[in-house]
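The structure appears below as structure tokens.
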Amino acid sequence: MEYNFNDIERKWQKYWKENQTYRTENGGDKPKYYVLDMFPYPSGAGLHVGHPLGYIASDIVARYKRLKGYNVLHPMGYDAFGLPAEQYAIQTGRHPADTTKENIARYREQLDKIGFSFDWSREVQTCDPKYYKWTQWIFVQLFKSWYNCKTQKAESIDTLVALFESEGFNGTTHRVLTGDIEHDVKPFTAAAWKNFSEKEKSDVLMNFRLAYLGEAWVNWCPALGTVLANDEVKDGVSERGGYPVERKRMPQWSMRITAYADRLLNDLNGLDWSDSIKEAQRNWIGKSEGSSIEFRIADSELRIEVFTTRPDTIFGVTFVTLAPEHELVDKITNAEYKEAVTAYVNVAKNKSERERQAEKKVSGQFTGAYVIHPFTNEKVPVYIGEYVLAGYGTGAVMAVPAHDSRDFAFAKHFNLGIPQVVTAPEDHDFSKESYDAKEGKLINSDFLNGLNVKDAVRRAIDEIEKRGIGQGKVNFRLRDAAFGRQRYWGEPIPVYYKTVPSSTSTPLSLTTELIPEVMDESDLPLILPEVDKFLPTESGEPPLARAKNWTYTPPNERTNSTPASPQDGGEELKRTNSTHASPQPLSGGEGLSESEEDLIVEEAARHYKTANKDGWAKLKNMARENRTKLTPAEEVLWERLRNNKIGHKIRRQHPIDFFIADFICIRARVIIEVDGSYHSDADQLAYDEHRTFVLNEMGFKVIRFTNEEVLKSTDDVVSRITNVLDSEREAALSFGELGEARAAGGKYQLETTTMPGWAGSSWYFLRYMDPQNDKELVSKEVADYWKNIDLYLGGAEHATGHLLYVRFWTKFLYDIGKISVNEPAQKLVNQGMIQGMSMIARVVSRKLPTIRIIPGKPIVDPVGNTTPTSLLIEQEDLIIGENFRQGLPVERPIHIPVEFCEFGSGSYYITEEGLSKLKEKYPQFVSFRFANAEDISNLWTDLFKAEISQDVLSTLEAIDKRTLRSEVEKMSKRWLNVVNPEDICDQYGADTLRLYEMFLGPLEQHKPWSTNGISGTHNFLKRFFRLFAEVSNDAPAEAELKVLHRTLKKVADDIERMSFNTCVSTFMIAVNELNDLKCNKRAVLEPLVIALSPFAPHAAEELWSVLGNKDSVTKAIFPAIDEKYLVDNTVNYPVQFNGKMRFTIALAADMKPADVEKEVLASAEAQKYLEGKAPKKVIVVPKKIVNVVM
RNA sequence: GCCCGGAUGGCGGAAUCGGUAGACGCGCUGGUCUCAAACACCAGUGGAUUAACCUCCAUGCCGGUUCGACUCCGGCUCCGGGUACCA
């Protein structure tokens, strides 16, 4: 049998789609199994070969579990908000909604080609208002909640208010968690609380809310008017544009994840996650117990509070170091040091946190100030140093150089004392390094002398508390999560700022004060507004500040004349000539209006030139004629659907684009086709497929029934149609309609920052359970059925980000009773990253004497100014080749897109032709060319200030300029090293891709992508098909059954332990062996097809039907394994002498160890190695090995 | 810097609990088929030594535990990921 993968794959993908093979119901008798892939972000680069690795693995598990009788939930969707789309929007002016929609369509197309068993009816997109309504809803709940440390759970803020009203707040009974730099809320009485102004109450409660407006350190770039990620800062300037960046404290919406620190830490123990991930989370949470200690500043009332995990070493303190941003720096610095301190602060301020931590060079600056040691009363100098981070602990450390390596380096550098206070091993040299271990006895430490470290810590805290200079404290490295972004493309934060008359008149707010409030739940979602540019405003406010009428009136303050919504009224910005995330609904009236017709024609014309006004008129006439001659089936159906009988307006024989739909509900955008028998014809099938594709593109859903179905089970057909229409009615709501549905607008300013990328992905696993629910984020009943994820698959790069946030939100939703699980995923597996091979050219840039203008695409600078149609080239970039080893001036490595590079005779290179193609696609490379003799001679002259000799020149010229260096890196658009899986599908088929990606190696391991060896998996499929040439119904031989059952056993075991590469090997071995046995028995092949179906579903479906099965192989049952074929009655014992394998000997499996020893020693082979001597000892491990010790 | 991983033939990898290191696939070599090529099929393939058998060496490096170590322990080297606003 020949293996025509193209035909087979197309055929079965279509079959699955039409039969909704992978649709999953909530509930039923089967046990549930929820297998989820981490949310993909639909990047513009499309899916690369790394993405499917995890999806294939999870798909195999999903399919396998189905065969094992589980009800499997295996959904997919998109984490669609994010920076890249916004960046692209800034550069091109295209709306992120449009590009995101395109990217999603592209992803879907790519995903469909690989044959995944996702239930697409459950797809979610985080940028869809119907989805982010609930993200915002969760935010509102977080805002309205506080964390009660006594009950260890989130409670309504009302219970806290009640507490304040009855007993006030004494400052210590509740641990106040503020995150970032901790500060305490001052105690107040119940009476005082009642007298607080509204603003004061709001401020106090802000210290307790789980979503709160606080302050946080950020990388602020004034020129770009935005906050940058550490990633986007290089050497103190923005990566994009090279503008200065500084650390700045800014008001920020934050999430009090620190409240959950203990639970996030403790609950890790019950999870079936890899130890490394759990360890990473533990380290990230970074719970450390220690003490706060106050140091009084000499000749001042000011105090520095430090946090230390080693209060026992207090007598070893020789200096105190503050973070350069510390608020006291200005106040305590002596006039003498002002200049130096300011200079140092400015340098440190311009570095990102990561750069500062990675800095190996010790740096710091004395402030001229001293603190008084609380126990010895000695003066201790105060320094600032960039190794102290403002965001951790209190932003100040007491330095004990003898027992902390960073303090030690600092003390060495500044020549400060290093007194030892803990005993160390004798050979420890305190002039070379500190002794950091928490072992030893305290010395030189007054009342702590003689105690071991552990006891000394306790004793020191006691003493510190007794003297009132500090207290025992638990510190977490975990910081509260910044939740506001100065960006456009994210969920709007549903907060408005209520204005109230000022209670105290301060110079800044003379008449009014702002109180942040959350919107009423009934007004959600707050739709992302249209803006004219996706950039900050001129005054540096986030992009949403550009939205017209970005205001809100809460329900209780509304009057009838209040405008309905921010998107309402004459000021509304309407997006034209672009497609919305959800399609615009057409009006439901009889016949189409002129403008609706225009819309359809216009939409169709974008795809197909055949659609025009004339064609439309003809089509309408044809359709009208058709209505008079309906087929019997159509007639029957029409009687059931007409006149709004099923609650939806249906038309029959209605023209859409250049097709005529049998039945259509325009409002829900659903087309119902009733197919005659000729629809099984191949040409007709192809036409139908094309037609469905076009209609899908236009936003219509197409459902099909055969004449037979309609006539025989009309009730069933009608109810299926009704179901589809009911669910699509919701989906057809557009941006605008949702905006109207929410009565709002007017009185108060809305928040202008948006939520971060992780917001939508922190709860999506719940939405998949109940994706259409418009009453709540998930119904309790459904959530209780699916509980949590049984297998969660994703990259290890999410170890501390996403996985902590999703655990946090899950715990919160559990606390407020929305769900009954405490953790999102019971089992987690991290797939390794498929890395890309980056191509790097060595380039020397030279300024051109005159500016060259090259026609090309417009360029946009980082602040959004466009230079139209041409590129101004001020410099030339000469590619000098990897082998040109002379150090050259201003040489830099440049990434070249991998698709233009070639491999040959041991190295990667780019040809002239490749380079010119590259320039066409990527205008940033227009200034690149290969260096020639003249260039080399010029470079030489520049570098050595001497003429190049003819000999050297010809040597250098002979070197291949085209050679590139390769480097293994994360596959990413940024490194231009992305490989597309579709190319593989076209060449070898999806099943080969699936097998190959699994065959590459263990799932968890990182590996660079290479197609070497893909032919092996492809050949395997071909060989497998060949076994089915003539299938016989004869009873199989024992040997054949042995092959079968061993294969089944190994494959089942290996799937369970997620070892898919060995599964593929096992199948290969099976095929090789069956080939040798010339086996063509159905009884062997049929079970094998089932076992292979999770891996190569298209091929398996095809062979399954070839074997005469009518239903899909996905409905089969995984074959039972017969143990009797797994046992061997002889064992081939390897015999070792002194641990070295010498020979093997075949013995009965049930032979006793003593007999095995006897047999082995008696063997002729053994005599040779024994050389007549008696062995010292013989170790026999039954059924494993024999080791003779001489 | 800190945290988490990884390293086995020419290449991807196997060895699941400390028990025959190199399964399976690629590549390469030789052969069969063919006018020839492709496909397919058969055989070989870690290194050194050897005519062959034998023997020795080999799982990044150094050391340890053990009858026996790719696997466990201690110390390094190099590579990858994360490092809080990339997702």
Side-chain angles (χ1 to χ4, degrees), chain A residues 38-41 43 79 81-84 87 216 218-219 226-232 252 274-277 279-284 286 353-360 387 391 405-406 477-487 756-758 761 795-802 804 830 832-833 835 968-970 972 974 996 999-1002 1004-1008 1010-1017 1019-1020 1022-1023 1026 1053-1054 1057 1059 1061-1062 1064-1069 1072 1075 1132-1144 1176-1179 1181 1184-1190:
Chain A
M38 283 184 195
F39 236 179
Y41 173 79
S43 86
D79 186 13
F81 275 132
L83 256 190
Q87 212 68 265
V218 294
N219 302 313
T226 193
V227 173
L228 298 177
N230 281 330
D231 237 24
E232 299 173 294
Q252 289 277 311
S274 76
D275 288 335
S276 67
I277 286 275
E279 193 57 22
Q281 291 219 343
R282 285 189 195 107
N283 289 327
W284 186 262
E353 228 168 68
R354 199 185 309 164
E355 281 177 312
R356 273 168 54 176
Q357 282 179 88
E359 185 61 74
K360 281 183 195 163
Y387 78 102
S405 49
R406 303 214 81 169
R477 204 183 76 93
L478 182 72
R479 304 204 293 256
D480 276 349
F483 199 70
R485 298 286 184 270
Q486 321 265 316
R487 316 275 185 181
W758 53 267
S761 59
E797 67 273 23
H798 299 288
T800 49
H802 164 65
L804 267 178
N830 292 115
M833 186 174 293
Q835 293 151 320
V968 172
E969 277 176 316
K970 195 168 164 173
S972 113
R974 181 177 176 186
Y996 182 60
F999 189 60
L1000 267 178
E1004 295 92 337
Q1005 214 162 88
H1006 299 281
K1007 52 222 151 204
S1010 145
T1011 48
N1012 292 346
I1014 195 165
S1015 60
T1017 48
N1019 281 343
F1020 156 73
K1022 284 203 273 192
R1023 284 163 66 101
R1026 237 177 279 143
D1053 284 356
D1054 283 359
R1057 68 184 180 103
S1059 173
N1061 53 332
T1062 51
V1064 180
S1065 297
T1066 306
F1067 281 121
M1068 286 174 169
I1069 293 168
N1072 289 347
N1075 204 37
N1132 216 13
Y1133 276 99
V1135 179
Q1136 297 180 334
F1137 281 80
N1138 289 333
K1140 276 192 179 133
M1141 218 290 280
R1142 293 304 179 184
F1143 61 91
T1144 61
K1176 279 192 191 134
K1177 194 173 170 189
V1178 179
I1179 290 145
V1181 183
K1184 278 267 158 74
I1185 203 164
V1186 178
N1187 190 10
V1188 182
V1189 184
M1190 298 295 290

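Chain identifiers are assigned alphabetically (A, B, ...) following the order of the sequence lines, protein sequences preceding nucleic acid strands; residue numbering begins at 1 within each chain.
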Is it the case that the side chain of A:N219 and the backbone of A:L228 share a donor-acceptor pair, with hydrogens and angles ignored and the cut-off at 3.5 Å? yes
State whether A:N1061 places a side-chain N or O below 4.0 Å from either non-bridging phosphate oxygen (OP1 or OP2) of B:C24. no
Which part of the nucleic acid does A:N230 contact within heavy-atom distance under 4.0 Å: base, sugar-phosphate only, or nothing?
sugar-phosphate
Value for CG (A:N1138) from CG (A:N1187), rounded to nearest 0.5 Å, stands at 7.0 Å
Side-chain contact check for A:P1002: nearest option of B:C24, B:G13, B:G1 is B:G13
Can you find a side chain N or O atom of A:N1019 that sits less than 4.0 Å from OP1 or OP2 on B:C26?
yes
For a quick test of reading the model: is some side-chain N or O of A:R1142 closer than 4.0 Å to OP1 or OP2 of B:U55? yes
Picking from B:U20, B:A40, B:A14, the nucleotide nearest the side-chain atoms of A:K1022 would be B:A40
Per atom distances to the A:K1007 side chain, the nearest of B:U20, B:C24, B:G13 is B:G13
Side-chain contact check for A:V218: nearest option of B:G82, B:A87, B:C85 is B:C85
Partner of B:G80 under the Watson-Crick or G-U wobble criteria, both distances under 3.5 Å, comes out as B:C4
Regarding B:G60, purine or pyrimidine glycosidic angle vs 90° from 0 gives anti
request  = Determine the contact category for A:Q1005: base if any of its heavy atoms lies under 4.0 Å from a base atom, sugar-phosphate if only primed atoms, P, OP1 or OP2 are that close, otherwise nothing.
outcome  = sugar-phosphate
Quiz item: Does A:R487 reach the main-chain N or O of A:V227 with its side chain, forming a donor-acceptor pair under 3.5 Å?
Solution: yes
Next item on the list: Determine the contact category for A:R356: base if any of its heavy atoms lies under 4.0 Å from a base atom, sugar-phosphate if only primed atoms, P, OP1 or OP2 are that close, otherwise nothing.
Entry: nothing
Taken to the nearest whole Å, CE/A:M1068 to P/B:A14 is 14 Å
Checking all strands, does A:N830 fall into the base, sugar-phosphate, or nothing category for heavy-atom contacts under 4.0 angstrom? nothing
Checking N1-N3 plus N6-O4 or O6-N4 for Watson-Crick, or N1-O2 and O6-N3 for wobble, each under 3.5 Å, the partner of B:U49 is none
message: Using a heavy-atom cut-off of 4.0 Å across all strands, would you classify A:K1140 as base, sugar-phosphate, or nothing?
response: sugar-phosphate
Output for pair (A:Q1136 CD, A:I1179 CD1), nearest 0.5 Å, gives 9.0 Å
**Prompt:** Base, sugar-phosphate alone, or nothing: which one does A:G801 contact when heavy atoms must sit under 4.0 Å apart?
**Reply:** nothing
The Watson-Crick or G-U wobble partner of B:C70, with both key distances under 3.5 Å, is none
Pick the P atom in B:A15 and in B:G22, then give their distance to the nearest Å. 13 Å
For A:V227, which contact category applies under a 4.0 Å heavy-atom criterion: base, sugar-phosphate, or nothing?
base
Just checking, any donor-acceptor pair under 3.5 angstrom between side chains of A:R1023 and A:N1072? yes
Taking the same atom, P, in B:G9 and in B:G81, what whole-Å distance lies between them?
22 Å
When A:G757 and A:G1016 are each assigned the nearest nucleotide of RNA chain B, the 5'-most assignment goes to A:G1016
Under 4.0 angstrom, heavy atoms only, what part of the nucleic acid is A:S1015 near: base, sugar-phosphate, or nothing? sugar-phosphate
Inset, instruction - For A:P40, report the nucleic acid contact type (base, sugar-phosphate, nothing); a contact means any heavy atom under 4.0 Å. - result: nothing
Of the candidates B:C85, B:A14, B:A87, the side chain of A:Y41 sits closest to B:A87
Mate of B:U34 across any strand shown (Watson-Crick or G-U wobble, both atom pairs under 3.5 Å) is none
- Query: Which part of the nucleic acid, if any, lies within reach of A:G484 when heavy atoms closer than 4.0 Å are counted: base, sugar-phosphate only, or nothing?
  - Reply: base
Residue pair A:R1057/A:T226 against RNA chain B: nearer the 5' end by closest nucleotide is A:R1057
Between B:C86 and A:R485, is there an OP1 or OP2 to side-chain N/O distance shorter than 4.0 Å? no
With syn meaning chi within 90° of zero and anything else anti, the base of B:C17 is syn
Practice item. Would you check if the distance from the ring center of A:W758 to the ring center of A:F483 is below 6.0 Å? Key: yes
Please classify the nucleic acid contact of A:Q1136 as base, sugar-phosphate, or nothing, using heavy-atom distances under 4.0 Å. base
Exercise for review: Tell me whether the OP1 or OP2 atom of B:C41 has a side-chain N or O from A:R1023 closer than 4.0 Å.
Suggested key: yes
When both distances are under 3.5 Å in a Watson-Crick or G-U wobble arrangement, the nucleotide paired with B:C86 is none
Q.
Just to be sure I understand the rule, does A:I1179 reach a base, reach only the sugar-phosphate, or reach nothing, if contact means heavy atoms closer than 4.0 Å?
A. base
Winner on side-chain proximity to A:H1006, out of B:C85, B:A40, B:G80, is B:G80
Quiz item: Under 4.0 angstrom, heavy atoms only, what part of the nucleic acid is A:Q252 near: base, sugar-phosphate, or nothing?
Solution: base
**Study point:** B:C26 versus B:U20 - spacing of their P atoms, nearest Å
**Key:** 26 Å
Testing B:C67, B:A15, B:U20 for proximity to the side chain of A:N1187, the answer is B:C67
(message) Are A:L804 and A:Q281 packed together at the side-chain level, in the sense that at least one heavy-atom pair is separated by less than 4.5 angstrom?
(response) yes
Checking N1-N3 plus N6-O4 or O6-N4 for Watson-Crick, or N1-O2 and O6-N3 for wobble, each under 3.5 Å, the partner of B:A43 is B:U29
Any side-chain N or O of A:N1132 under 4.0 Å from OP1/OP2 of B:U20? no
Taking B:C4, B:C41, B:C85 as options, the one with an atom nearest any side-chain atom of A:A280 is B:C4
Provide the distance between the two C1' atoms, one in B:C62 and one in B:A23, to the nearest whole Å.
-> 31 Å
Taken to the nearest whole Å, CG/A:N283 to P/B:U83 is 15 Å
Nearest heavy-atom contact between A:F1137 and A:F1143 is CE1-CE2, 3.7 Å
